[in-house]
Amino acid sequence: MAGVSQPELRHVGLNLTDEPREVREQVESDVFGFWVFLMSDAVMFACLFAVYATVRHATAGGPTAAQEFKFHSAFWETALLLTSSFAYGMVSISMKHTRGRLWIAVFMVLTFCLGAGFLKMETHDFITMFHDGATPERSGFFSCVFVLVGMHGFHVFSGMMWMIVMGLQLAIYGPDQRTKINLIRLGLFWHFLDVIWVVIFTVVYLQGLIR
Amino acid sequence: MKISPSLRADFLTYLTGYGLAIVLTGISFAFVFYRLLAPEAVFAVILFLALIQIIVHLRCFLHISLKQSSRSDLQLILFSALIIALMVCGTLIVVLDQKARMM
Amino acid sequence: MTFWHILLGRLTWTSIAFVRTWRDPTISGIIGGGAAAVAVGGAVVVLALLTYLRAWRYLWTEWMTSLDHKKIGIMYMVVAGVMLTRALIEAVVMRTQQAIAINNQGIVAPAHFAELFTTHGTIMIFFVGMPLLIGLMNYVMPLQIGARDVAFPYMNSISLWLTIGGGIMLMASLVIGKFSTGGWSGYPPYTELAFNGGVGPDYWIWSVSLSSLGALMTGINFAVTVYKLRAPGMTWMRLPLFTWTTLCTSILMIFAVPPLTIATLLLAADRYLGMHFFTNDLGGNMMNFVNLFWLFGHPEVYILILPPFGVYSEVVSAYSSKELYGYTSLVIATMAIAILSFTVWLHHFFTMGQSAPINAFFGIATMLIGIPTGVKIYDWIWTMFWGEVRLNTAMLFSIGFMVTFVIGGMSGIILATPPVDYMVHNTLFLIAHFHNMLIPGMLFGVIAGYYYWFPKAFGFRLSETWGRRAFYCWFFGFYLAFMPLYVMGLGGVARRSQELFDPALRPWTLIAEFGALLLLTGLACIFIQLYVSIRERHSTRVPVGDPWDARGLEWSMSAPPPEYNFATIPQVSRRDAFYWRKKYDGAYQPADHYRDIELPKNSMCGILVGMGLTACFFGFVWHIWWLAFLGFAIALGTAITRSFMRDVKRIIPAEEVAAHDRRWLDRAAAARPISRHLELTPENEGLAKWQG
Amino acid sequence: MTTVFICIAATSLSGCSVLRRGFLAPAGPIAHAERHEFFFVGAVMLVVIGPVILLAPLIAWHYRLANTKSAFRPQWGFSWILEGLIWVPPTLIVIFLAVFLVQRTEQLDPYRPIPSKLPPLQVDVVSLDWKWLFIYPTLHIASVNQLIVPADRPIQMHLTSGTVMQSLLMPRLAGQIYAMAGMETQLHILISKPGNYWGENAQYDGDGFVHQKFQVMGITPQDFDRWVAHTQQTPKTLDSEAYTSLSRQSILPQPITFGNVEPGIFSKIVHQMIPLGYAAQHEKAKSNGG
Ligand code: HEA
Ligand code: HEA
Ligand code: CUA
Ligand SMILES: [Cu+2]
């Protein structure tokens, strides 16, 4: 591994080998700060998961998990989100290995579309649940389902808005230092959402569907 | 774009992650769909698979490794995992015990 | 939906305090109206004064938009001071009420009393304790580690303005509507819609959210600063202890605030969207709130005590003219407290019905914290051992702290024993316990640190006479005010009682009242001290910057420090870096060469984001949805716009740095080194004589 | 000035009677054991904090700057012996305390029946705004704000709430346990000295909070039987309707008794099957702010 500097190893997205020490330190702390934020966000989700586990049977005589969760949509949502995560990986690679903005933009649009597909399916699920009377007001259990899954959905939505902002910045400034840092952070965010989703599909959907 | 060795390595990392994640997800869903085991056992298995998948994501997508280079991130994640474990396990033990004693 | 309804939401005439007082002129009503009048009047006077002095531009450019960690730190402390005054007055009203209201209604009505303890607790914890400490850490920590600023100066400003926004909400609740009556812990179902339909709990939810959002961002900021911006050579085991406690506090903020956010968010979901997390019916379960709240609440009290522990470490070592005893132990103890604090939250609800082994486990975990805490206290005592202790104001407060804090620790251990807690939980005994920790622990630490670092920040020393007077008021006032509460608590008097029914309690409530007044006098002394010190500043100037013959890097520059802190980033080779530099004559030397320094430009984004979110949350409280939307749009729009700005840095040229540094060195060369005996005299220009 | 004097005098005379209101003057085995635990932990802690209270001012004074005779060693900052001294003894003390803590917590668990030759008397407790309802399911009577029980016989209480969460405390008898709607907690007490005591809710629950106190009377079994017989004559019945009106927010001037109780009403209350009186009251409050 001789000759490869630390930051380059760490951040697939940014080639910092030639930058001065201050810049590298700046990038380090910027990205590390975002990691710290993600971890506190993770604690937030963890608390929600804990609450979810305690209200799993609090259906108050209303619809139950097994009645409301759809196996197939959970599966396809997972597939979409996972693929979008991979697509964002391609954004990072393009950022590191190509000069212009073309490939970055292409893969970002792809990521965006996959994310949108995910959200579309999720909303559709929610709407059918509403039709069945499985609303958040119905029981403690559904309150928690909607808040937990909805919170993740909201994160995905924010990530997509962020992509739009980054797209604009890319158009205006091209991949300059600050854009790149933000693209790296966005990447961390997007992959992190995938990690949360892994827990959601396991603990919420699959657990609810086990018979 | 010219395909350099480092590009190939980076790409392979993502591809591996993607592949593994798909496989792990597939197994989880299959376990539930085909009811391969008793319910409790299925849940244990899918939890375990989720854990593995999280590690895969961290390794391949988020580039956390045991190498010196990403020590502070790794420390951070391990510490967070500790706190999350304390909070989640604590909450479950406490609240479920309370419910058992009063409902 | 009428037009007014859309414009003003739930806001009506009768929401305004003055109108309420007009319609209901009871004593309680008049006190409420009076407080509102003071708040409005105070705000008007301040605004008028600023306009009259034409200070707006200065304030705006030099302070409100500043991203300098030093100025932000000072602003935090000023804000805390304002909030403190209110919370303290509320405390005195509560004590007066309990002193009078024995078998009669007293001066405030039940609901008003409930508002008093809720706002008092909420303010003291979120808007006095946290801002005071965050202010102190903001000012001192970057200086101690040899950094030019915190890692994210712009985020620092947002944190500040979010905290201020929370404070504004609390103040607004005095005039418009009412605050919650559910205590600072806001337990549902009492705070649910079914039992509290008004805006009170909503005020509580959103103001606490603002503050905790600010604290979370501060935590991230400080942790990254300590992690990544240390000067070369400043290894972990060379960090000053205050920096260590800052790091541990930040970690606590990062990991303890999320449970609070979730708890308040879910309560809001119940109240706004009709969900059932904590309601009595349809599967709600209030135990989840209690659990989440204390998952935050317990680490929170250590957020409030760890930085003061750091202050004591610095102060005791500096004023004992001696190296800190047991540095490694102190570091280990600090980390142990931080981590253990995540394992004990259940001790706040031993009485909720879980089984004995669980109570026992958490009881033991709680007692374990006594060990590292004790280690710290012993370490400070041994630091004084074989030293030359200067018994000035800061040391008096420190010694007063050690003596008194252990009593609170003792009651803490008593509370940690579940069978005893069954008896004294929710009584005044508990109130006495935590004031025993917060006043002699946290506040004494803040005052000691304030006395110690004030000359660094403002270039002159604080009055010793008034400092001592304050100490006597605080020390004896504390005992008088809170020892009676221990006794009453043992007698089974519940906390949050606005009326008492046993004449035998009267002597005790009167003593406590007297103590509270003495504490009020103590605070007055602190303000007088400030006034007197400013008036006499010409004879107490310490421009060279090291008035106490102290040891850390923060003393190695002029007082007040230049905006870039260090002319050149220092190279650290030992713990107590400045002490060794002084020893080997490296302290007042020019650098080999100076470089351009890059600093962040001022920015009004922080204030816009902070106030935008405040407007948004205010809209939530009153269901004024357009305002909520507008506020959110402003906050988000600002954040996005800022991310498009590329020109956010400014350069201070090397020549300017060099010139400033040279002026300071000349000043130091001209000053007379002062021995420790004379440091409280006007001779002290901030240059210490080497005495080992 | 004179008032201050009187107060100080009064303190020394009547002040300590405050302590006689609480568990330091126990009237039953639970409170007694808890008092014992209190003194025990307190004494152990005094031993550890005593040195601090003495040493801190003494050392500061001895090594004060003005005292030129005291030694000065600015670079002294570590000693293995002292390290041992500050880490080990506190650890041992905590272990010592922990052993007792585990035992006592187990013994004094509020759910744990009190050993006795007599079978426990069942009392179902419902906390309301702002009163306490005591149902004697085996005797088919009920009382509000008055708990009358035979002395020397264990009482097994089941608690629930018809409103917000509350906390039952009888300072001279037994410690707290929360009462929560939809849930059932337990508390055991025993009055060993017949007499008049008091109990209260210690968890703030609104305007009437301070008035939510009740009388606890421990009387002889004969007196108790007489009281039960007398109460059973009371014409009022505690049924769903009576409960609904009782659950309205109010402060009662005097205790009430019910001579008859609808069977299984406690279970209905726990399962929230009876409409609550405050529901109507609160519809009003919901609609307006301020
Ligand atoms: C930091 C926390 C803090 C502080 C300082 C205080 C200070 C005081 N508190 Fe309070 N209190 C709480 C936190 C605090 N309190 C909480 C959390 C509750 C519970 C609320 C609830 O029930 O929900 C409570 C409740 C509470 C009650 C209600 C008891 C009950 O429930 O029955 C009472 C009653 O008298 C009381 C009294 C006092 C008094 C007399 C003071 C003061 O007299 C003490 C004097 C303090 C000061 C004067 C502050 C001075 C600060 C400085 C000097 C800093 C200087 C600044 C610079 C140098 C820049 N407090
Ligand atoms: C800064 C604030 C602060 C600090 C530092 C502490 C410190 C401690 N607290 Fe306190 N506590 C509060 C603030 C604080 N607390 C507040 C605000 C509440 C109530 C909130 C509410 O309900 O509104 C509360 C409530 C509270 C409870 C809940 C009681 C109840 O609700 O019924 C308990 C119970 O265990 C407890 C215990 C302790 C213990 C064991 C410590 C320990 O950390 C103390 C450690 C110190 C020592 C032990 C002394 C020094 C040590 C030695 C001299 C060495 C030898 C020691 C041993 C061998 C043990 N606290
Ligand atoms: Cu609350 Cu059981
Ligand atoms: Cu605690």
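Side-chain contact between V43(A) and V257(C) is absent, with no heavy atoms from C-beta onward closer than 4.5 Å. Looking at heavy atoms from C-beta onward, S643(C) lies in side-chain contact with V165(A) at the 4.5 angstrom threshold. Counting only heavy atoms from C-beta outward, the side chains of L282(C) and R138(A) approach each other to under 4.5 Å. Contact annotation: the side chain of M287(C) never approaches that of T54(A) to less than 4.5 Å [non-hydrogen atoms, C-beta and beyond].
Interatomic distance, OG of S40(A) versus CE of M253(C), reported as 12.0 Å (0.5 Å rounding). For the atom pair D270(C) CG and S143(A) OG, the distance stands at 6.5 Å (nearest 0.5 Å). Between the CD1 atom of I220(C) and the CH2 atom of W35(A) there is a distance of 13.5 Å, given to the nearest 0.5 Å. Distance check, rounded to the nearest 0.5 Å: CG of N285(C) to SG of C144(A) gives 11.5 Å.
Proximity to chain C involves both the backbone and the side chain of D30(A), based on heavy atoms less than 4.5 angstrom apart. Of the atoms belonging to F278(C), not a single heavy atom falls under 4.5 Å from chain A. The part of V55(A) that comes within reach of chain C is its side chain, from C-beta onward, which places non-hydrogen atoms under 4.5 angstrom from that chain. Both the backbone and the side chain of L168(A) come within less than 4.5 Å of a heavy atom of chain C. Neither the backbone nor the side chain of T135(A) comes within contact range of chain C; no heavy atom of the residue lies under 4.5 Å from a heavy atom of that chain. In this structure, the portion of L216(C) lying under 4.5 Å from any heavy atom of chain A is its side chain and not its backbone. For chain C, the nearby parts of F37(A) are the backbone and the side chain; heavy atoms of each come within less than 4.5 Å. Contact of I254(C) with chain A is made through backbone and side chain together, with heavy-atom distances under 4.5 Å.
Among the residues in residues 57-70 of chain A, those with a non-hydrogen atom closer than 4.5 angstrom to a non-hydrogen atom of chain C are A58(A), A60(A). Of residues 147-160 of chain C, those residues lying under 4.5 Å from chain A by any heavy-atom pair are F152(C). Inspection of non-hydrogen atoms places V147(A), M151(A) of residues 146-154 of chain A under 4.5 Å from chain C.
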Chi angles and distances behind the side-chain contact (heavy atoms from CB on, under 4.5 Å) call for L48(A), L266(C): CA-CA 9 Å; L48(A) 275 178; L266(C) 300 187; 4.0 Å; yes
side-chain contact (heavy atoms from CB on, under 4.5 Å) between R646(C) and Q169(A), intermediate numbers included: CA-CA 11 Å; R646(C) 286 298 183 270; Q169(A) 294 193 1; 3.6 Å; yes
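Among residues at least two apart or in separate chains, there is no side-chain hydrogen bond (donor to acceptor under 3.5 Å, both in side chains) pair with a member in residues 251-260 of chain C.
Top candidate by heavy-atom pairs under 4.5 Å with chain A, chosen from F255(C), F277(C), Y227(C), is F277(C). Contact count against chain A (heavy-atom pairs under 4.5 Å) is highest for P259(C) among P259(C), G284(C), A269(C).
A donor-acceptor contact shorter than 3.5 Å links the side chain of Y173(A) to the backbone of F644(C). At distances below 3.5 Å, not a single donor-acceptor pair connects side-chain atoms of E28(A) with backbone N or O atoms of K228(C).
For F71(A), the CZ atom counts as densely surrounded, since its 6.0 Å shell holds more than 12 non-hydrogen atoms of other residues, nucleotides or ligands.
In terms of heavy-atom proximity, M44(A) sits nearest to P258(C) at N-CB, 3.8 Å.
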